[in-house]
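One structure is given here, and the rest of the page talks about it.
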Amino acid sequence: MKRKLKLPLLFVTIVLVACNSEKKNEEEKKVTNQQPNIIYILADDLGYGDVQSYNSEGKIPTPNLNEMASNGVRFTDAHTSSAVCTPTRYSIITGRYNWRTSLKQGVVSGYSKSLIKPERTTVASMLKTQGYTTAFIGKWHMGWDWDITKKDSLYPIDNLKSRPEVNFNTDIKNGPRSHGFDYSFGFCGSLDMPPYVYVENNTPTMTPKKTTISVDDKGVWRKGLTSDDFDHASVLQDLTDRAVNYIEEKSKGEEPFFLYFPLPAPHTPILPSTEFLGKSNTNMYGDFVMQVDDVVRQIRETLKKQGISENTMIVFTSDNGCSPKANFKELAKVDHDPSYEYQGMKSDLYEGGHRVPFIVEWPNKALKNVVDSTAICTTDFFATCATITGYKTKDDEGEDSFSMLPLLTGEGKTEIRDVIVHHSVDGSFAITQGDWKLLVAKGSGGWSYPSNWQINNQKLDLPEMQLYNLKDDIGETKNLITEKPEKAIELKNVLKKLILDGRSTPGAKQQNDAMEDWKQIETIIN
């Protein structure tokens, strides 16, 4: 015979259930209303066509990025501000076009001073004012100030061949900690660029005692000082482990966090771990891409395990197009093209140089399984974070950044920007507005044919500028400069205004950091 529940006990049970339900609702409401955690994963030299959700004919498996795309927004017309490393990173962190700085072409070295001026607001320093704790883990490549005791007599420190003497027993200055990051761990240049030394919170973790030897003429890496705790082959996983630990630690706190996680891969040296060797059935580059995809798996699984995945916004993209070091000819033998249907590669003004995969996953707020063809730029991260957190941007902050939030949520969705300015390794400009793209250059502006070297040495007779209708000619094969000269003049005038105004967003005019001897804009502003 069943015992009857006494009335007082029944009442208490109902009250407890109601209280627990109310408490659960309050917790869910709290989670929904609080600021999201933000993680920005930046791959290094990953091509648009290297991610399967962007290239159905691609041969490199990327299951984790595919899953991220199916649970978020996948942008198909996303561009980096530059076709090479350093400039793009500057623009992500500041929301400002890289060519407004003193760096008008190329990249900085592992010994270069900081490209970011001390007074410049970064996305990290901005988010700190909004209650965020912030961290950088990975490849910096925007310069910081080593304690240089003796300069290289042959090369200035910005030259990639420079090997000055450094006191590694003293702290660096003007690094990530000076630009808004509460915690920082990483190295100054690229994985193929000395010195190969980790720096944690301004302090080198070890004094380098050995030298990494340059490997043949293929540019696998450059000769330079290396510390004992810096193992090129394990750097990617070592950084990932540190990022995972950071997420686990911060998930226990009350403050939202921002993690800027720029990877050193699949940039050279192409060193996939044993687990991934041969796994892609393409080449070692394809294997390394698969390891990058696995980094995404580890980050996403950590977020789920800590119970914070729903209110964490993850951005995944690349700093430019694929490098020729991936070996395009070898990959073509297995019918894989890192640039997909686009012309060019890393360094170029052509689409293959700066059109990149760009995926945003934010379960609580962002749309799911959506493909968005709106034109966006990596400069837009600053304004997006400002809008999300309610920060009011000043006139001298994020001058080239437009908020992507309406595109992520679908609320008030619209074209967020009118134009995108592109920049190549040699400092050449291009501008896209709607279907039209103007290249203020005779050739690629980079390494692919026709490069400046080929134009000059082969005495190629080419028009001064190139005009393409991307809607009809996405491969940029038919130059319409002679058929549509008025359109070229129109676009050039738009570009001129954006350069001279010091901004592309609404607001008061600003100054570019350097204008003297800026040869690349002579044909634009004169």
Side-chain angles (χ1 to χ4, degrees), residues 39-76 78 138 234-241 243-244 247-248 259 261-267 270-310 312-319 321-322 326-327 330-331 334-341 355-363 366-372 408:
I39 300 176
Y40 198 105
I41 305 175
L42 183 66
D44 196 359
D45 290 3
L46 180 76
Y48 184 101
D50 289 327
V51 179
Q52 280 183 317
S53 57
Y54 283 86
N55 180 7
S56 60
E57 297 180 357
K59 297 300 188 291
I60 304 173
T62 55
N64 300 290
L65 284 169
N66 297 346
E67 186 177 323
M68 184 178 167
S70 67
N71 197 44
V73 182
R74 175 167 61 89
F75 290 93
T76 58
S234 64
V235 165
L236 180 58
Q237 187 57 51
D238 290 345
L239 293 172
T240 303
D241 290 342
V244 166
I247 294 170
E248 290 175 343
L259 171 60
F261 187 28
L263 312 180
H267 191 288
I270 298 171
L271 296 170
S273 63
T274 305
E275 178 187 354
F276 295 94
L277 276 176
K279 196 172 182 179
S280 70
N281 292 317
T282 57
N283 65 1
M284 286 184 65
Y285 171 78
D287 299 340
F288 213 16
V289 170
M290 287 193 69
Q291 189 171 349
V292 168
D293 180 74
D294 188 69
V295 169
V296 174
R297 175 191 65 80
Q298 293 177 65
I299 297 299
R300 294 178 76 240
E301 286 186 357
T302 301
L303 292 171
K304 291 176 182 177
K305 183 177 179 181
Q306 299 302 316
I308 58 173
S309 62
E310 293 298 303
T312 297
M313 181 177 78
I314 310 178
V315 178
F316 178 90
T317 187
S318 178
D319 62 349
C322 182
N327 199 331
E330 191 172 78
L331 289 168
V334 293
D335 297 321
H336 180 81
D337 189 343
S339 294
Y340 185 46
E341 62 182 343
R355 190 183 286 238
V356 291
F358 197 104
I359 304 170
V360 182
E361 181 182 26
W362 182 12
L367 299 168
K368 293 178 176 59
N369 200 25
V370 167
V371 179
D372 196 311
L408 299 179

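Remember, predicted model here, so these are calculated numbers, not experimental data. Throughout, numbering of the chain's residues begins at 1 and tracks the sequence. Heavy-atom basis, side chains included; hydrogens, waters and symmetry copies ignored.
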Can you name the closest pair of heavy atoms from [X] and [Y] and give their distance?
X: Trp362; Y: Glu310; value: CD1-O, 3.8 Å
X: Pro61; Y: Met290; value: O-CG, 3.5 Å
X: Leu331; Y: Pro338; value: CD1-CG, 3.6 Å
X: Cys322; Y: Tyr285; value: SG-OH, 3.4 Å
X: Pro357; Y: Thr317; value: O-OG1, 2.8 Å
X: Ile270; Y: Ala326; value: CD1-CA, 4.4 Å

Quick one: does [X]'s side chain have a donor or acceptor within less than 3.5 Å of a partner on [Y]'s backbone?
X: Asp319; Y: Asp45; result: yes
X: Asn64; Y: Arg297; result: no
X: Arg355; Y: Gly321; result: no

Output the distance between atom [atom1] ([X]) and atom [atom2] ([Y]), rounded to the nearest 0.5 Å.
X: Leu239; Y: Phe261; atom1: CG; atom2: CZ; value: 6.0 Å
X: Asn283; Y: His336; atom1: CG; atom2: NE2; value: 8.5 Å
X: Thr302; Y: Lys305; atom1: OG1; atom2: NZ; value: 7.5 Å
X: Thr240; Y: Asp294; atom1: OG1; atom2: CG; value: 8.5 Å
X: Thr282; Y: Lys59; atom1: OG1; atom2: NZ; value: 10.5 Å
X: Phe75; Y: Ile359; atom1: CZ; atom2: CD1; value: 10.5 Å

Q) Taking everything shown except Glu57 itself, do over 12 heavy atoms lie less than 6.0 Å from its CD? A)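 No, the 6.0 Å shell around CD holds no more than 12 heavy atoms from other groups.
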
Q: Determine, stepwise, if the pair Val334 / Asn281 fulfils side-chain contact (heavy atoms from CB on, under 4.5 Å).
A: CA-CA 8 Å; Val334 293; Asn281 292 317; over 6 Å; no

Measuring only between side-chain heavy atoms, which start at C-beta, is [X] closer than 4.5 Å to [Y]?
X: Met313; Y: Leu408; result: yes
X: Met284; Y: Leu277; result: yes
X: Pro63; Y: Asp293; result: yes

Q. Regarding Asp287 and Ser280, is there a side-chain donor-to-acceptor distance under 3.5 Å anywhere?
A.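 A donor-acceptor contact under 3.5 Å links the two side chains.
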
**Q.** Given Lys368, Arg300, Glu361, the one that forms side-chain hydrogen bond (donor to acceptor under 3.5 Å, both in side chains) with Asn71
**A.**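 Only match with Asn71 under side-chain hydrogen bond (donor to acceptor under 3.5 Å, both in side chains): Glu361.
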
Q: Go through the steps for Val51 and Arg74 under the test side-chain contact (heavy atoms from CB on, under 4.5 Å), then give the verdict.
A: CA-CA 11 Å; Val51 179; Arg74 175 167 61 89; over 6 Å; no

Q: Output, in order, the C-alpha distance, side-chain angles, deciding distance and verdict of side-chain contact (heavy atoms from CB on, under 4.5 Å) for Val315 and Phe358.
A: CA-CA 7 Å; Val315 178; Phe358 197 104; 3.6 Å; yes

Q) Which of these, Leu46, Ile39, Ile299, sits in a side-chain contact (heavy atoms from CB on, under 4.5 Å) with Phe316? A)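 Single pass found, and it is Leu46.
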
(Q) Can you tell me which residue among Leu263, Leu65, Ile314 is in a side-chain contact (heavy atoms from CB on, under 4.5 Å) with Val296? (A)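 Of the listed options, the one satisfying the test is Leu65.
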
Q: Assign the ring pair Tyr48 / Tyr340 to parallel, tilted or perpendicular, where the plane angle (0 to 90°) is split at 30° and 60°.
A: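 Parallel, since the angle between the ring planes stays under 30°.
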
Q: Test Val295 against Leu236 for side-chain contact (heavy atoms from CB on, under 4.5 Å), laying out the working first.
A: CA-CA 8 Å; Val295 169; Leu236 180 58; 4.0 Å; yes

Q. So Gln237 and Gln291, side chain to side chain donor-acceptor pair (under 3.5 Å) or not? Walk me through it.
A. CA-CA 9 Å; Gln237 187 57 51; Gln291 189 171 349; 4.9 Å; no

